[in-house]
Amino acid sequence: MKQTLIALPLALLLAGTAHAVDPIEKQVQIVAQVPTDAFFVEPVGGNWMNDPQEMAWNSYQGKLDPIRKELQVKSTIGPISAYLVSPAVIASGTHNIGLDVTVGDTLLQTTPAEVVSAAQAAPGATIGFHVAAQPAPSTGYEPGNYQGLVSMIFETVAP
């Protein structure tokens, strides 16, 4: 009987250990940005600027479909200007396709251009963001997997 009393707690301890599962630790990175009231340019409809944007191939028209999004902008300082850091292109190996990037009604270049007037920027506005492939050469686009990065700078200065 004495052996049964000692063996029973030992058996229960071993049975509990046999069924234990190692804990799993998970982490989620949280980021947030609170812009100033004086000047901001933010994507509308989620932070799509951090995700790759696909220019789908339109087989009926033989071209790449443009990307159409919106930006929320505000500047209590003055007009908002924008420019491309470098010409916008997507590439596949040695083949390139030029891109036209339009913010509001302005086709961006590598030199600053006003995209929102001071009067529009002061209360804040929602403006279009549009990226389109430049027309294909007469031989058409070269087949491939294209990718690229459109880098833009937005600025505001006192008028």
Run the side-chain donor-acceptor check on residues 86-102: report pairs under 3.5 Å with partners two or more places apart or on a different chain.
unit_1 : atom_1 : unit_2 : atom_2 : d
Ser92  : OG     : Asn145 : N      : 3.2
Ser92  : OG     : Asn145 : O      : 3.4
Asp100 : OD1    : Gln134 : NE2    : 3.0

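- The closest side-chain heavy-atom distance from Met152 to Leu108 is below 4.5 Å.
- Gln27 and Gln29 form no side-chain donor-acceptor contact under 3.5 Å, judged by distance and modelled atom types alone.
- Side-chain contact between Leu64 and Trp57 is present, with at least one heavy-atom pair separated by less than 4.5 Å.
- In this structure, the side chains of Lys69 and Pro43 stay at 4.5 Å or more apart for every pair of heavy atoms.
- Within the 4.5 Å cutoff, the side chain of Phe129 has heavy atoms near those of the Val103 side chain.
- Within the model, atoms CG of Leu71 and CD1 of Ile127 stand 5.5 Å from one another, a figure rounded to the nearest 0.5 Å.
- Between the CD1 atom in Ile80 and the NZ atom in Lys74 there is a gap of 10.5 Å [rounded to 0.5 Å].
- Here the side chains of Val116 and Thr156 are not in contact, with every heavy-atom distance at 4.5 Å or above.
- Applying the 6.0 Å contact sphere to CD of Glu42 captures more than 12 heavy atoms from other residues, nucleotides or ligands.
- Scanning both residues, Glu114 and Pro79, for their nearest heavy atoms gives OE1-CB, 3.4 Å.
- Side-chain N or O atoms of Gln53 include one that pairs as donor or acceptor with a backbone N or O of Trp48 at under 3.5 Å.
- Between Tyr83 and Ile153 the shortest side-chain heavy-atom distance falls below 4.5 Å.
- Across all their heavy atoms, Tyr141 and Pro135 have their closest contact at OH-C, 3.8 Å.
- With hydrophobic clusters built from ILVMFWY side chains whose heavy atoms lie under 4.5 angstrom apart, Val73 does not share a cluster with Val44.
- Across every non-hydrogen atom of Ile67 and Glu54, the tightest pair is CG1-O, 4.0 Å.
- The cluster map of Ile, Leu, Val, Met, Phe, Trp and Tyr, joined by side-chain heavy atoms under 4.5 Å apart, puts Phe40 and Met49 in different clusters.
- Across Phe39 and Ser75, no two heavy atoms sit closer than the pair CD1-CB, 3.9 Å.
- Residue Asp105 places its CG atom among 12 or fewer non-hydrogen atoms of other residues, nucleotides or ligands, all under 6.0 Å distant.
- When every heavy atom of Met55 is checked against every heavy atom of Ala133, the shortest pair comes out as CE-N, 3.4 Å.
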